Every structure is written in C-alpha cells, then in structure tokens.
Amino acid sequence: MKVLGPVQLEVDGVPVRLTPLTVRLLVRLVAAEGEAVPVRQLRRDVWGLADEPRHLDQRNRNEVQKRVLELRRALAPGQDSAGTHVLRTEQQVTVQGPETAYRLVLRPEELDSARFTAIVGEALLAPPATAAHRLAEALSLVRGRPLAEVNGEGFAAPFVRRLTTLQDSARRELVRVQTDLGRPELALPVAELMAHEHPDDAEAARVLDALRAELRARHGAELLRHRVPLPGQRADVVLVRGDLFDQADCNLVIGFSDTFDTETAEDLVISRESLQSQLVDRLFAGRRRLLDDRLRAGLRAVKAAGTETVRTKPLGRRIRYPVGTTVMVPVEGRRVFATAYSRLGNDLVARSNHLDLRLSLENLWASVAVHGLFKPVAVPLIGSGLARVTDLDRGQLAALIVDSFIDACGRHPALTPELRIVILPQELARTDLAPVEQRFADLVLGLRAAD
C-alpha cells in the first residue's frame, strides 16, 4: 500500500480502485498506525457525523460496515475470510458499554511509509556510502505529502508530521553524506528541494549556498564539459581558461607552418610570443636545436612537398611538407604533437583556411591514437594566432576542433580520455562558445532521432 503521496492500494502489484468513502476509511485506519479505531470515531472522522444515541444510529453503523466489507474484499480478493486478518474487528469496553472497533494490521513490507521509516532508520546509522544508497532508496518512495487525501485534518496530523519530519532528516543526511563522499553535485538537487520547500529555513539556505560555492570552486578554470555522445565512448571534451603549458597532465598540440620553423631571432620568421617559441623556452629550456633535431627525426619518414631556394626564401627553413603533416615529439614522459596547418609564404606570412585546419586535425588525431599513451590532450585554439584561419571566427574554430575530435572518436575508440581546449583568459571575451554547445545539442538530438 502506498501512502507517501496519493493513497494507492495494490494487490499483487495491481492497483485496486476503491470508492471515495472507502479510500477515506482506509486513510483513517492507516493514520491510526496500527491502533484500533472505534466505530463512533470513524463516523466522526470519515463521514463527519456527530454521535447519536445507539437506537438512532443503526443506519450509520450499517454504512460503516458496508465500507469495511468493501475494503476487506479489496485487501484479500477471492478469500473466504475477506481480509479479516488484515482489517480486524475488535470489541472495546467504554463507559457507554461495548463498542466495535477496527484495526488495520499490515506487515512493514506492505506499507510504503513503514518501509520508508525502517530504511531511513538503518541509513542514519550506516557509513556514508551505504547511507547514501539507502537514503536515496527511501526518498524514492515519497511521491508527495503523506495521506494527501486528508491533508490538514486533525486525525492525520501526527502521522503526517512524523513522516515529513523524517523525510527532512533523510534529505539533510543525504546532503551531508554525499558531500562527505566528495559528490556535491549529487547533494545539490536535494539541497535545492529543501530550500524550495522551506524558504524560511536559514540553515537550508546556508547549506545550498555552500554547495553551490563548492561546485563553482571545483570547476575552477573549466568553461564547458561534455561527454562525447557516441556509443561506447568515455571521452570528455573540456574547454578551460588558462595557459596551455600549465596542463602538466596532458600531451600538448602545437600548430606549425609547413616548414616547421622555430627560429625566433628578431621576430622575423617566428614571433617570440608564439607557442612554438614558448615550446622551446618552457619544455626545452631554451634549447632550440634539441627541438629541431627531434622534429627532423620525425620528418624523415615524410615526403617533402617541395624545397625553396635561398633566393626565393632567404630566411628560415626551405623544405616544405604537406599541410596536415604531424610529428610526435617525446618530452619527459609525454608527447608534443607538432601539426602543420598553415603555409609559410616566402614573405614570411603564414596563411591557412578551414580546409587546411580540418586536414591537419584529422592527421593529428590519427597520430594521437597511435602515440598518445591514452593521456589527455591539451589543444590551443589553433588558427586564432598569427597564422590565423581567416574564414572562421574563434568560436567556429573551437567548434571545428570539437567536431573533428568527435569524428575521430568514431574511428579510434581509445583515442584519449579527454580533449582539453585551452583558451587564454585575455582571449575569452572574444570567444563565443555557443557554436560548441550547439554542436553537442545537435549530436544529442541526432542520436535520439536515430533511436
């Protein structure tokens, strides 16, 4: 029987329909919590009838018996005893003489409020992980205010008050244990519900504010996080505000031109503010030749696309490689993936477009799948610097990186656990992340339509 919300009588899991007066009789007996209720009391509470002398109230007694019989048949359909073992008849001795009373006898497993009380009682004494599971189980039984059909009536008040108080205790404890387990995101919906139902409860408001603050702090530099919405995938796409070279747990991606230049003298070939220059300084301790040697080693297996002369290109390297060439450079237990997405003109101006970038990204993910050691991969907003992709804005660049990664996940199931796109704080205001959010929304809608 369900009473934690609208009352619902079930027999063998099948709902049983009762007339409204019989439902009200059942609710009154449930509210007695196993105590016998005299017929006179039932007439007052269920029918709203005043007490009458015994010789005048036989008709009212017959109405009570009629509803009792209906309820017994519903409680034990097809049985000769017609539910008398569940709804018992007793005789009570009063000052007016003997009086008939009725007692509803249910096992704890037959009444959701009894199961709720028992589970919460066990959970309040259990260690956090067990308590969290049991409290969530108990609260899932609640479908609304207990004995909703008699909300506000005096005979139901003690029963309703006890259960609502226990419900509040279960919610508070669930918030506490989920927080202790380091799962404030699971505690938050419960805390929000408590604050909504008790707007004047200062403690509920304080707990809610603390949880929200903890979650904001947990996100830290995170701007966006989505799971790749493909079957069997457990890769996340994360956008963070920060410095690419501070992502110490990640492999890094650095964009290059088709000549793989690293020379920064007088900012003529490569700017000293570029990521290539920072790569030399921050991961190779300023040893540019060491980086050059590793790049050359990786490029030995790549067929050159052409060679410039000293006359046509006086400065920088003169061997050109196909756009999309990606070189894996090992650095202290992780990888730097140098990918050529632009062409460095003989005027030393790098140029690219979205087709070049897309090709470069496709080759990049193929290399990551082979050499990435299944580490997270941190990527800058490739194409937004000096060698900019002129036909896409910053938000579209981010969406293109995400789109290519999701496509690659379909080809390489164990690509990486996380793609981390790193955006400099000073560039965030100029970067619209709506295209990335829309990409994930479109993917989810597409998967739902396919189902």
Side-chain angles (χ1 to χ4, degrees), residues 1-8 10 27 30-31 33 108-152 156-227 229 234 236-238 437 440-441 444 448:
M1 185 184 306
K2 298 178 179 179
V3 299
L4 296 176
V7 173
Q8 177 64 65
E10 295 181 352
V27 168
V30 169
E33 300 191 71
E109 63 272 17
E110 294 176 321
L111 188 62
D112 62 354
S113 61
R115 295 201 304 276
F116 174 77
T117 300
I119 295 171
V120 173
E122 294 171 3
L124 293 176
L125 301 176
T130 303
H133 175 74
R134 298 293 279 163
L135 289 168
E137 177 187 359
L139 290 169
S140 70
L141 298 174
V142 181
R143 301 167 293 122
R145 187 176 179 83
L147 301 187
E149 288 81 356
V150 291
N151 184 19
F159 179 83
V160 172
R161 184 167 52 249
R162 179 179 67 78
L163 286 176
T164 52
T165 299
L166 188 59
Q167 181 185 23
D168 286 343
S169 297
R171 286 172 172 170
R172 284 193 297 271
E173 184 65 8
L174 182 56
V175 169
R176 187 189 70 80
V177 297
Q178 293 288 28
T179 304
D180 288 349
L181 290 168
R183 300 187 296 216
E185 70 281 0
L186 299 183
L188 182 63
V190 184
E192 288 176 334
L193 184 59
M194 292 175 61
H196 173 74
E197 292 186 358
H198 303 283
D200 298 327
D201 188 334
E203 178 61 16
R206 185 197 66 77
V207 169
L208 178 58
D209 287 344
L211 279 172
R212 286 172 171 167
E214 182 175 348
L215 282 169
R216 285 194 297 270
R218 169 179 284 192
H219 290 309
E222 276 191 19
L223 305 170
L224 173 154
R225 177 180 288 270
H226 285 294
R227 177 63 51 86
R234 296 191 59 81
D236 288 339
V237 174
V238 187
E437 287 286 2
F440 280 98
V444 171
R448 288 175 180 170

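Bear in mind the structure is a predicted one, so any value in this text is a computation, not a measurement.
In this structure the side chain of E203 never reaches within 4.5 angstrom of the side chain of R172, judged on heavy atoms. Looking at K2 and L141, their side chains never come closer than 4.5 Å, going by heavy atoms from C-beta outward. Looking at heavy atoms from C-beta onward, E173 lies out of side-chain contact with V120 at the 4.5 angstrom threshold. Residues D112 and M1 are not in side-chain contact: their nearest non-hydrogen atoms beyond the backbone lie 4.5 Å or more apart. By the 4.5 Å heavy-atom criterion applied to side chains, V175 and L208 are not counted as neighbours. Side-chain contact check for R162 versus T117: some heavy-atom pair is nearer than 4.5 Å. In this structure, the side chains of D168 and M194 stay at 4.5 Å or more apart for every pair of heavy atoms.
Under the salt bridge (Lys or Arg N to Asp or Glu O under 4.0 Å) criterion, the residue pairs touching residues 179-198 are R171-E197, R176-D180, E185-R218, E192-R212, with sequence neighbours excluded. Here salt bridge (Lys or Arg N to Asp or Glu O under 4.0 Å) pairs that include residues 116-135, with residues two or more places apart or in two chains, are E122-R134, R134-E137.
Looking only at distances, no side-chain donor or acceptor of T130 sits under 3.5 Å from a matching main-chain atom of A126.
One finds a salt bridge joining R225 and D236 here, because a Lys/Arg side-chain nitrogen approaches an Asp/Glu carboxylate oxygen to under 4.0 Å.
To the nearest 0.5 Å, atom CD of residue Q167 and atom CG of residue L135 are 12.0 Å apart. In this structure, I119 CD1 and S140 OG are separated by 7.5 Å, a value rounded to the nearest 0.5 Å.
Closest approach of P128 to V177, counting heavy atoms only: O-CB, 4.0 Å. When all heavy atoms of A31 and F159 are compared, the closest pair comes out as O-CB, 4.1 Å. Closest heavy-atom contact between A187 and T179: CB-OG1, 3.9 Å. Summarising the geometry of L163 relative to S113, their closest heavy-atom pair is CD1-CB, 3.7 Å, with the distance given to 0.1 Å. Between V160 and P146, the closest heavy-atom pair is CG2-O, 3.5 Å. Looking at every heavy atom in both residues, P6 comes nearest to A148 through N-CB, 4.1 Å.
Across L111, V3, L139, a single residue satisfies side chain to side chain contact (heavy atoms under 4.5 Å, CB included) together with F116, and that is L139.
With sequence neighbours left out, R115 forms a salt bridge (Lys or Arg N to Asp or Glu O under 4.0 Å) with no residue at all.
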